[in-house]
Each structure stands twice: as C-alpha cells, then as structure tokens.
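Reading through the structure tokens given below for one structure.
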2 protein chains.
Amino acid sequence: MNPFDAPRQTELAAAAQVCDRCGSRVAGLCQPLDSAALDEISSEAQQMTMPAHAAVFREGDPAGRIFTLVDGFAKLTRLLPDGKQQVVGFRFAGDVIGYTTLPTYPFDAELLTESRLCRLDRGQLDALLRRYPTLERRMLDLCVQELTATQEQLVTVGRRSAEARVAAFLLSLVEASRRRNRPCSVLEMPMTRSDIADFLGLTLETVSRSLTAFRKRGWIREPVHHRVELVNFAALSALAEGTDD
Amino acid sequence: MNPFDAPRQTELAAAAQVCDRCGSRVAGLCQPLDSAALDEISSEAQQMTMPAHAAVFREGDPAGRIFTLVDGFAKLTRLLPDGKQQVVGFRFAGDVIGYTTLPTYPFDAELLTESRLCRLDRGQLDALLRRYPTLERRMLDLCVQELTATQEQLVTVGRRSAEARVAAFLLSLVEASRRRNRPCSVLEMPMTRSDIADFLGLTLETVSRSLTAFRKRGWIREPVHHRVELVNFAALSALAEGTDD
DNA sequence: CGATTACTTGAGCGAGGTCAACGACGGTGG
DNA sequence: CCACCGTCGTTGACCTCGCTCAAGTAATCG
C-alpha cells in the first residue's frame, strides 16, 4: 500500500526511485542520478520523522541543511512585523525544502502532518554537487520552477476575486496530486482554512464561505475532514480563469 | 556623466565592470569573471538599443536568449485570460532578464524607457557555462534572489493595505537605486500609475490617491514627471511595515 | 468528557474598486 | 507657433466585495 516500505534503503533513495517510477517533471532532488550515486547519498543523508506542526526550520536560521519531504505536507510562511503571516507555498511528498544560496532561510517551514524527511547538511550537499555536476543544474531547474509557481501565485493574489482564488487553489491541489502520481478523485487537503486564507491573501471566513458556496453548487464534496473531491472541474476552472461571466 | 562611455568595450563587459566598481551583491551576470573571460563574452554578445515600450520577448516565446539590461528600465508581466495583467517585477540597469531553464519564457518583458541591452544566445550561454563553472553558481544565486524578492512581493500584495503597498513600492525603488549605486535623493520612476497598480494588485486610481496622500502629508515630492523624492523615509517605512498605528 | 481548536454562518461596515469628468502634458501636423 | 489628439494623472461620487466582529456548532485530543 505504502510505496515507501523498502526496508534496505534510506528515504531519500526511496523518494528518488518513486520519482523515477512516476516519471514526474518536478519531484525529487536526485531524479537525474544513477543508483551508484543514490547509494552514496543514502550513506550521507539522515532520515527522520517529525510530528505535525513541527518547524523544520525558521526564517533567519542559518541555512545549513536541505530537506526532501519524503512523505507528508508542509507550508512555507513569511511573517510580517505586525504578526500577520503569508503562506508563500505548500510542499508535498517528493518536494525539496530549504535550498537557498542565502546565508539564512528566508521563510519558516512548518509541517502540516506528521512527515518523513530526509536531511542533508550543506557541506555534504556541496560535496555531492562537486561530484555530480548534473545535480547543480537540477537545483537551478527546481529554483526556476519555484519562481514560476510563485509568480503565478502573485497573479492569483493580485488580480483574482476571492472565489476565483479558492478555485485556483483547489486546482493547484489537483496539479500537486498529479505530480505525485496519486489517483486524484479525492484529494488530501491537510491545511486549515486559515492556512489557505494566508496563502490566498484572504480571511479564513471568506475561504470558508467560498468552499461552502462551491459545495452548495455541487462543484465539490468534502466526504471527510481534510479531503476534497472536485465534482465539477470545468466550473472551477472557468471561475479560476475568470472565463465564467 | 554617464558611466557607460568606455568606447572600446562591449556593453556587457562595461556592465560587469560597473558591477565590480560598485561592489553590488546583486547586479550583473558576469560579476565573478576575470577580464579574460569578460573579453571572451564581449566577442560573443550582441549589444543593442531598443525604444521605450518595445517587447524584449513575449510570454510563450522560445526561451533562446538571455539579456542584460545595461541601461534603462523594464517590466515583467503575466497576462490573465480575461486580459488583466500582473507585473511580476521591474528590472533596472545591471539586471539580467530572461534566464530560465524552461523551454519558453514564462512572462512578457517590456521596456519602460529606451534601453540598452546585451544579448546572448542560449547556445553561447551554455558554452560559457561549461567553460566558467562559477557562472552556473551565479545563475543559481540570481534565481534564488529573484525567488526571495517575488515571495516578498507576495507578502506585500497578499497582506498589506493599499497605502502600505505603495509605500513598500517606493522603498523598493530606493533599494534598487542603491543597488545601482546611484545617489538616491531623487529617484527615477519611469513606470506609469497603471504599471505600479498592476504590480501591487491595486487600481491606478488607488495608486494615484495614495501618492497624492503622501504628497499632502509632505512624505514625498514629485519635482518632475517620473521622479520621486522620499522626504520622510521613516514614515513610509513605518506605514509599509504596519508599524504606524 | 471537558477543553481546545477548527469551521460555519450572520450582520454591518469600510477600504478600495468602478465609473466618470476633467486637466496636464507631449507629440504631430497644419 | 498653435490647434489637435492621445495618453497619463487627478479627483469625486457611488457601490460592492470582502473584512470584522460575533455567536454558535463540529471535530479532536488529552
């Protein structure tokens, strides 16, 4: 059932193999490496499990480690001086967290669920980068993808109505699920209304009202807590694109 | 007067030297190269001048070239299906435009003023990257900085009031000017109210009203069109941070 | 099973959007 | 040199979307 059960391998190697298997464009740091390289990384990397709501790192911490989220969900947040927070992104199984060339992390990384992580120290990473130059190119690819996603989010927050933002968010969950190659009729949505609001530049009440509206229109279902099913994908897309009116 | 007058060098080399001179953290692609490498790039790169409002490239164009903005101002924009546009960033002299590992550019790049650009084909760039590995690291640095700036912009658009956004924008102009090592009492602001609004997720009327309010409070002056002087920096900072009330 | 946190729903209000009119500026052609 | 026009900026009046405040319900966890 769980694809991460191979007992002989570290989680990072397992994650990379999962990536290979699903042929994903995006997931995983080590996708381009051969098994010899994976073995080497396996011997270097620390695997660990952390509980829900744990902080992987905080904004301002020295950026000495890089993580792969093997299993679970995380949010990346920035804090305003007045205490309000902005979620700059969510992370899913297979995603890399905390890579930066800056001296300190520019945001908090906090887990939404109990998660399995694979940890690599900066020194180890730099050594690997030297040994496997394709990895450096991979880092750049990941950074460009992240940048493009953040720009898209900027468009959503800056120019779309409240319901359009929530619709766009739901669609991005589908995309993330597709990336992980999971059957996507019912999506996991472990983030709270407040998390979603802080991601979309809305209040939690507005997010709640939007989701209720979608439910009443029969566009979505929420069979259990923290699960959504998108029933009318087309309607949500039209709303997100502004192609409805 | 103009620091770009050295007649024997290509613009790119000149730009790099300017970067060296000002010791900037951010500006310029070729900062880490020695003069031999600069000479080599000089022989490769195409210099060009383009008029105001020209498109350097459009969203969806094959991403076959990379540009350095030697002199002038540009905006990077994304278009929504319904025609609304979001400015995802402004670019200033010394900045690199259009580097991506994606097959096509993910946004439009449009000049705000007549500008001098330095153009490098993807093939040439890749060859340079192979010859000067430090350049690859530099590209990653630039990407990380851009990502961090975009996340900051996301916080501004998602969580700040209209006036706080405009204040934050003005402060970012100071920062950009500082980066270019220009005396910053009076800033160049070649973007229209509409450009600023599309950057901040506001309407042009709201931007105009905010600037008028700042002027009436004596916080800024606009001696001529497309120039601002920040008179009360502290007040603007407090407003941007939300530390005023 | 009580306490806490998450979610929903309602009522009222205000920041900012919309629509409209007007003035300033800069280029263009007579 | 001036009349004309298009773009840009300002200001006002009005209205709406989403925020705020508040109360109540549902889920979760010791």
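Below, chain A is the first sequence line, B the second, and so on; all start at residue 1.
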Electrostatic pair [X]-[Y], nearest N-O below 4.0 angstrom:
X      : Y      : value
A:R179 : A:D95  : yes
A:R215 : A:E229 : no
A:R159 : B:D82  : no

Next item on the list: Only counting residues at least two apart or in another chain, list the ones meeting ring-ring contact (aromatic ring centres under 6.0 Å, His included) with A:F107.
Entry: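 Not a single residue meets the ring-ring contact (aromatic ring centres under 6.0 Å, His included) criterion with A:F107.
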
In this structure, how many angstroms lie between the [atom2] atom of [N] and the [atom1] atom of [X], rounded?
X      : N      : atom1 : atom2 : result
A:I220 : C:dC7  : CD1   : P     : 13 Å
B:R227 : D:dG9  : CZ    : C1'   : 18 Å
B:K84  : C:dG17 : NZ    : C1'   : 11 Å
A:I196 : C:dA6  : CD1   : C1'   : 12 Å
B:R215 : D:dT11 : CZ    : C1'   : 11 Å
B:L211 : D:dC8  : CG    : P     : 16 Å
B:L204 : D:dC8  : CG    : P     : 10 Å
B:E222 : C:dA24 : CD    : P     : 16 Å

Next item on the list: Determine the minimum heavy-atom distance between A:L236 and A:A167, stating which atoms define it.
Entry: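 Answer, listing the atom of A:L236 first, then A:A167: O-CB, 3.6 Å.
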
Item checked: Proximity to the side chain of A:T212 - top-ranked nucleotide from D:dG9, D:dT10, C:dT9 ->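 So the nucleotide nearest the side chain must be C:dT9.
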
Notebook entry, point to check: What is the per-nucleotide protein-contact pattern of nucleotides 14-30 of chain D, from the 5' end, where B denotes a base atom under 4.0 Å from a protein heavy atom, S denotes such proximity for sugar-phosphate atoms only, and - denotes neither?
Noted result: ----SSBB------S--

Next item on the list: Considering just the side-chain nitrogens and oxygens of B:S208, establish if one lies under 4.0 Å of OP1 or OP2 belonging to D:dT11.
Entry: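 Checking B:S208 against D:dT11: no side-chain N or O falls below 4.0 Å of OP1 or OP2.
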
Notebook entry, point to check: Closer than 4.0 Å, any side-chain N/O of B:H226 to the OP1 or OP2 of D:dC8?
Noted result: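 False: B:H226 side-chain N/O out of range (4.0 Å or more) of D:dC8 OP1/OP2.
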
Notebook entry, point to check: What does the inter-axis angle of the helix from C:dC1-D:dG30 to C:dG30-D:dC1 come out as, five pairs per end, nearest 10 degrees?
Noted result: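 Rounded value for the end-axis angle: 40°.
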
Next item on the list: For B:R217, enumerate each residue passing the side-chain hydrogen bond (donor to acceptor under 3.5 Å, both in side chains) test, keeping only those at least two apart in sequence or located in another chain.
Entry: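 Once residues adjacent in sequence are excluded, the partners of B:R217 under the side-chain hydrogen bond (donor to acceptor under 3.5 Å, both in side chains) criterion are B:E163.
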
Note to self: Is there a ring-ring contact (aromatic ring centres under 6.0 Å, His included) between B:F90 and B:F73? Walk through the geometry before answering.
What the structure shows: CA-CA 7 Å; B:F90 293 107; B:F73 296 84; 9.2 Å; no

Show me the side-chain donor-acceptor pairs of residues 184-194 of chain A shorter than 3.5 Å, one per line, residues at least two apart or across chains.
from	atom 1	to	atom 2	distance (Å)
A:T192	OG1	A:S194	N	3.3
A:T192	OG1	A:D195	N	3.0
A:T192	OG1	A:D195	OD2	3.3
A:R193	NH2	A:E222	OE1	3.2
A:R193	NH2	A:E222	OE2	3.2

Atom pairs and distances, side-chain donor-acceptor, residues 57-66 of chain B, under 3.5 Å, sequence neighbours left out:
from	atom 1	to	atom 2	distance (Å)
B:R58	NH1	B:D108	OD2	2.7
B:D61	OD2	B:R58	N	2.9
B:R65	NE	B:D121	OD1	3.2

